[in-house]
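These notes are about the structure you will find just below.
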2 protein chains.
Amino acid sequence: MDKMTDTIEAFLSLRRKATINDVARLAGVSKKTVSRVINNSPSVHARTRDAISEVIARISFQPDPQARGLAFRRSFLIGLIYDNPNAQYIVNMQMGVLDRLRGTGNELVVHPCDWRSDDFIPELRQFLEHQRLAGVIILPPIAEDRRLLDLLDEMEVPRVRVTARAGASNQPTISGQEIVSHDHIGCAEASAHIALLGHRRIGYIGGNLDYPSAHERRRGFDAGLAQHGCAIAPDLDEGGNYSFASGYEAGQRLLTRPDRPTAIICANDEMAAGAYKAAYESGLRIPQDLTVVGFDDAPIADRLSPPLTTVRLPTRDMARMAANLLISPEPSTISHLQVDSKLVVRGSSAKAPNP
Amino acid sequence: MDKMTDTIEAFLSLRRKATINDVARLAGVSKKTVSRVINNSPSVHARTRDAISEVIARISFQPDPQARGLAFRRSFLIGLIYDNPNAQYIVNMQMGVLDRLRGTGNELVVHPCDWRSDDFIPELRQFLEHQRLAGVIILPPIAEDRRLLDLLDEMEVPRVRVTARAGASNQPTISGQEIVSHDHIGCAEASAHIALLGHRRIGYIGGNLDYPSAHERRRGFDAGLAQHGCAIAPDLDEGGNYSFASGYEAGQRLLTRPDRPTAIICANDEMAAGAYKAAYESGLRIPQDLTVVGFDDAPIADRLSPPLTTVRLPTRDMARMAANLLISPEPSTISHLQVDSKLVVRGSSAKAPNP
DNA sequence: ATTATTATGGTAACCGGTGTCATAAGCGTA
DNA sequence: TACGCTTATGACACCGGTTACCATAATAAT
């Protein structure tokens, strides 16, 4: 025992990064046995395991991911693939993934891409062929792209999709694991909230229909209103594309009508901010003259005056869950994890003005 | 030649990822020679090189980064290290780095961290020891952290700092490569712009003094005003911390005074948005009653009503340059690259009201 | 023509882990 | 005590590249 300690100290004085060979030598076993300990192989005697673990701790050995990856024929990198302009969303997702990855020896490789490009699939194929990723997480809207999913299947890359649409909807079922956000829950809360405030003439500014979220949210808003026997006025049903500009323009159209709405529901906060601008320019006060609600709880939501009533999705948690599906030791049989959105009431919603 | 083609086709029909051994066999040379071609070693006959390149192209061989990394004792990963709450800034930086990395076989590993944590340095040490990164890019404000820089030196990790402060200032010089943003240039333009509009009673809401940018920007604003013989009123000089809330509070203090300013300069857009809110609540119209300018050209800048006059930094270009310093083949002797900021005039600045 | 020099390619060992398979150790049973 | 059976460990080749060093062919000098 003393002799071993001596040798360890001799090793430490070298100030060199430890390898599996060092551990094997210092513990007096073969490197294969050390490898077994690292990988929690069952057939190692408890005594041996403890001795080796001791040495590993003393010389703070960490297996080299490159070497391990080479032998395993896969890396310890998780890829995050997306084409999404919402910076806060992306950063939240990254944080969530990293929350789960921290301490596991896996790292996060970010890979934004251009969905519209002809090169979209070839570029991703090259990326995936080059890096043998431990897994990838795909964010909306490209989580719906069949070509991408097929590519991942073909290359046998473990994947988790993040999406707003449950596989059960009109889309053909997509196999594999997914995190499904129930956008409609919070939306129903939000629109019910508006109905309860007495609004009956209600306008809508919708999201980009390429995004499943646009459909999910609309579904939720409709449901919440229906609960109270009301609905979005058909003549106040505007299409948008999730951008500030589209919200502004739709807002102008809605608010310059003689029979303008007393409340506007927006499929995201960006468009709600656009609606604010239109309201401001029309001389309408929020919430006295006009109620506005959004979706996302984006940073802009509480920068607006008054702060925006909106719906929040636990983005970071979703990312954590996605990462967990990829790296948790026992391959989960669960393929669909669902999370709910939630109404956040702030200052932009108030009782409908008396007629 | 035909025989070779046959063999290549035979190989292609295997649909297997190509290795250096395949290339060597198909080209009829040793793997060492292929390695020489991959690494642009000079002593390979042109004829040999062409033949090998041909095979490489035909079977679309790409050297495995894991194996290469193992032999080179370094990875092909660039780390981006930061502790910065500005999502748009982070995403822009990531995009810029990726712009440069695309096609080079290097990937981006993001590593946000917590500067205030006791674990800050140990955590990073572990990260760096574990992944033998090809290089790291450090963003403000932690690009100023001595401990971190010393750690990187000790571990001999190539690094590029992104900072607003030139090494020449009061801080002891920091060796190594850096991208220095000249925040003061655009700030001077902005404040000169205000002076030219006739404002003389000018308030200021400053940034977090832990950030070098806060000092740089102030320096620029002062210089621009001084050019026109004016200055920030000492009694209107408020401290902020770059947050919306701090801008709002400082704005309230400034605008509820009887001798309120006709213009407020903010060290970033978030605080400018806060000042907008304070102005709105005081019943002041922007820009008729109050001129506001910010810094960053954040997304919020043109969501505000009216759109904010601000200063833009070529964030993405900076990141591209930083990545370039790390991966360009010839190790650049240039250690300081400088970029300028630029005034963006929008609707929040106008002539000073007549007294 | 012969030797010295250079250009080029090959062999073997290595980077730091893993898989396969054979063997040694432990252990109840006859 | 001998026997098989299970469990624990080690030897060795391999993952896909690299460098160190040596051998040979081509070229220049004597």
(message) Just to verify, which of A/Leu133, A/Leu149, A/Ile137 counts as forming a side chain to side chain contact (heavy atoms under 4.5 Å, CB included) with A/Arg159?
(response) A/Leu149
(request) Going by the side chain to side chain contact (heavy atoms under 4.5 Å, CB included) test, name the single residue among B/Asn84, B/Asp114, B/Ile81 that passes it with B/Ile142. (result) B/Ile81
(message) With a 3.5 Å distance limit and no angle check, can you tell me whether A/Thr33 reaches the backbone of A/Val29 through a side-chain donor-acceptor pair?
(response) no
(message) I want to confirm an ordering. Mapping B/Leu70 and B/Val44 to their closest nucleotides on DNA chain C, which one lands closer to the 5' end?
(response) B/Val44
(request) Return the 5'-most residue of the pair B/Arg73, B/Ala46 with respect to DNA chain C, ranking by each residue's nearest nucleotide. (result) B/Ala46
[X] side chain near [N] phosphate (N/O to OP1/OP2, under 4.0 Å):
X       : N      : value
A/Asn21 : C/dG17 : no
B/Ser30 : C/dG10 : yes
A/Arg68 : C/dG16 : no
A/Thr33 : D/dA8  : no
B/Ser35 : D/dG17 : no

(request) Please report, rounded to the nearest Å, how far the P atom of D/dT19 is from the CD1 atom of B/Ile38. (result) 11 Å
(message) Can you measure A/Arg132 atom CZ to C/dG17 atom C1' for me and round it to whole angstrom units?
(response) 15 Å
(request) Looking at every strand, decide which applies to A/Val34 at a 4.0 Å heavy-atom threshold: base, sugar-phosphate, or nothing. (result) nothing
(request) Report yes if a donor N or O on one partner sits less than 3.5 Å from an acceptor N or O on the other, where the partners are the side chain of A/Arg36 and the base of D/dG10; otherwise report no. (result) yes
(message) Please determine whether any donor N or O and acceptor N or O are separated by less than 3.5 Å between the side chain of A/Lys31 and the base of C/dG17.
(response) yes
(request) Inspect the contact between B/Arg116 and B/Asp83 and indicate whether a charged nitrogen and a carboxylate oxygen are less than 4.0 angstrom apart. (result) no
